[in-house]
Q: 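Here it is, the structure, as structure tokens.
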Amino acid sequence: MPELAEVEYFRKQWNPGMGKRVKEIIINKKARVFRGEKPETMKKLITHARFNSSAAAAKQMVFLFNKNLWIGIHLGMTGRMECRPKNQTPIKHDQLILKMSSGPQLIFNDPRQFGRVQFFQGEGVPPWWAKISPAILSQEFNAKELGEFLKRRKGSTIKAVLLMQERFPGIGNWMADEILWRAGFHPAARAGKFGPKSIQLLFKTVREVCRDAFRVIGKDWSDPPDSWLFNHRWKKGGRCPKTKVLLERKTIGGRTSCWSPTRQPLGAERR
DNA sequence: ATTCTTGTTGCATC
DNA sequence: AGATGCAACAAGAA
């Protein structure tokens with residue numbers, strides 16, 4: 001589930017602990033979300049540290065503590081951040097719990113454990129945070145860049161290209177489908193076939209979907225309106241909100257893609 | 001019981 | 001080099 005705006009939403013779930021100190025850390029002994037990290041080291045260093053701030057970029061979050069301590073969390077497919085009252089006992093799939101002094105428990109819960117917890121201490125910025133590409137809504141992301149990227153990936157389907165995190169940080173499966181549906185491009189269109197008008201339209205739509213996602217989902221996890229493809233894409237017999245035609249589904253670019261055959265004909269990208 | 005999945009990585013292959 | 005396809009990770013839902 002967690003793409004760009006959902007990640008931003010989850011980041012804020014730890015806000016009630018901000019400014020407080022970590023009293024105790026509980027780590028799921030069987031957790032594999034730590035990968036190469038040493039959870040014991042992290043436990044030792046973060047305990048008693050003060051949680052100062054947090055940030056999200058793409059699908060990555062960071063939580064900053066004093067003494068130059070960083071926790072990075074990627075939610076994978078099923079990760080979620082929670083805040084629970086202090087005396088509540090852990091539930092299934094809790095991977096990391098920060099018990100804050102005079103307050104709540106901050107929890108990372110992840111059933112499938114495709115998520116990841118990273119840890120860093122030092123001057124400067126952790127490498128895995130520094131290497132995230134400039135945000136889609138920043139100045140560095142522009143139509144020229146986009147066009148050049150499409151040229152470089154000319155043989156790939158546009159769906160696969162939109163999922164490439166190095167150029168579209170934070171875009172996931174549903175956002176990619178939403179973008180293509182709004183702009184009227186077939187997910188299997190080849191990136192190299194996009195003409196100047198289409199590149200401009202794609203650029204505009206990518207940014208629009210990001211903005212809308214932040215506004216609706218990132219803010220308070222509101223349900224998107226039925227005018228988005230989002231609410232229809234998984235429903236059996238789902239119909240295009242604009243043309244009412246039956247939506248099609250197929251694996252494209254390695255992922256289940258959903259599109260409206262009338263709105264998104266192959267070839268529209270040539271303009 | 002079986003098949004599906006909103007993410008990412010690594011590997012084999014073309 | 002670039003693209004594709006698949007398996008792996010693991011659990012729950014349909």
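Note on naming: letters A, B, ... go to the chains in the order of the sequence lines (proteins, then strands), and numbering restarts at 1 for each one. Just so we're clear, the structure is a prediction, and the values are computed from it rather than from any experiment.
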Q: For dG7(B), take OP1 and OP2 only and decide whether either is under 4.0 Å from a side-chain N or O of Gln165(A).
A: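 Negative; the distance criterion is not met.
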
Q: Distance check: side-chain N/O of Lys92(A) vs OP1/OP2 of dG12(C), anything under 4.0 Å?
A: yes

Q: Looking only at side-chain N and O atoms, does Ser156(A) come under 4.0 Å of OP1 or OP2 in dA3(C)?
A: yes

Q: Considering only atom P, compute the distance from dA1(C) to dT8(B) and round it to an integer number of Å.
A: 24 Å

Q: Identify the heavy atoms of Ser260(A) and Thr243(A) that sit nearest to each other, and give their distance.
A: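 So the minimum-distance heavy-atom pair works out to OG-OG1, 3.7 Å.
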
Q: Is Lys154(A) close enough to dG2(C) that one of its side-chain N or O atoms is under 4.0 Å from OP1 or OP2 there?
A: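 Answer no for this pair, as no side-chain N or O of Lys154(A) is under 4.0 Å from OP1 or OP2.
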
Q: Find the distance Asn28(A):CG to dA10(C):P and express it as a whole number of Å.
A: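 Roughly 12 Å, once rounded to whole Å.
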
Q: Does a donor on one side chain and an acceptor on the other come within less than 3.5 Å for Lys92(A) and Asn109(A)?
A: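 Lys92(A) vs Asn109(A): no donor-acceptor pair found between side chains.
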
Q: Would you mind telling me which of dA10(C), dG7(B), dT5(B) lies closest to the side-chain atoms of Arg32(A)?
A: dA10(C)

Q: Is the phosphate of dC4(B), meaning OP1 or OP2, less than 4.0 Å from a side-chain N or O of Thr256(A)?
A: no

Q: Where is the tightest heavy-atom contact between Ile171(A) and Glu3(A), given as atom of each residue plus distance?
A: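 That would be C-OE1, 4.3 Å.
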
Q: Please give, in whole Å, the distance from dC9(C) P to Gln95(A) CD?
A: 16 Å

Q: Take the protein atom CE of Met77(A) and the nucleotide atom C1' of dA10(C), then report the distance between them rounded to whole Å.
A: 10 Å

Q: Roughly, in whole Å, what's the span from CG in Asp94(A) to C1' in dA10(C)?
A: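 Distance check: Asp94(A) CG to dA10(C) C1' gives 16 Å.
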
Q: Does Arg255(A) make a side-chain N or O approach to OP1 or OP2 of dT6(B) shorter than 4.0 Å?
A: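 Yes, because at least one side-chain N or O of Arg255(A) sits under 4.0 Å from OP1 or OP2 of dT6(B).
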
Q: Both distances under 3.5 Å, Watson-Crick or G-U wobble: report the partner of dA11(C), or none.
A: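 Partner of dA11(C): dT5(B).
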
Q: Side-chain N or O of His93(A) less than 4.0 angstrom from OP1 or OP2 on dA10(C)?
A: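 Looking at the OP1 and OP2 atoms of dA10(C), neither is under 4.0 Å from any side-chain N or O of His93(A).
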
Q: Rounded to whole angstroms, how far apart are CG on Asn173(A) and C1' on dC4(B)?
A: 13 Å

Q: So does Glu82(A) pair up with Arg80(A), basic N to acidic O under 4.0 Å?
A: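 Answer for the salt bridge query: yes.
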
Q: Is it true that Arg11(A) and Glu8(A) make a salt bridge, defined as a side-chain N closer than 4.0 Å to a carboxylate O?
A: yes

Q: What nucleotide among dA3(C), dT6(B), dT8(B) has an atom nearest to a side-chain atom of Arg153(A)?
A: dA3(C)

Q: Check the geometry between Phe114(A) and dT8(B) and answer yes if their rings are stacked (centres below 5.5 Å, planes below 30°), otherwise no.
A: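 So no, this residue does not stack on that base, at least one cut-off failing.
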
Q: Whole Å only: how far is the CZ atom of Arg116(A) from the C1' atom of dT9(B)?
A: 10 Å

Q: When the distance from CZ of Phe149(A) to P of dG2(C) is rounded to whole Å, what number comes out?
A: 10 Å

Q: Please tell me which of the listed nucleotides, dG12(C), dT8(B), dA3(C), lies nearest to the side chain of His74(A)?
A: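 It is dT8(B).
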
Q: Indicate, with a heavy-atom threshold strictly under 4.0 Å, whether Arg190(A) touches base, sugar-phosphate, or nothing.
A: sugar-phosphate

Q: Starting from C1' on dG7(B), measure out to CG on Leu4(A) and report it in whole angstrom.
A: 14 Å

Q: If you measure from the C1' atom in dC9(C) to the same atom in dA1(B), how many Å do you get, rounded?
A: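 These two C1' atoms come out 22 Å apart once rounded.
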
Q: Where the side chain of Asp94(A) meets the backbone of Asn28(A), is there a donor-acceptor pair that is under 3.5 Å apart?
A: no

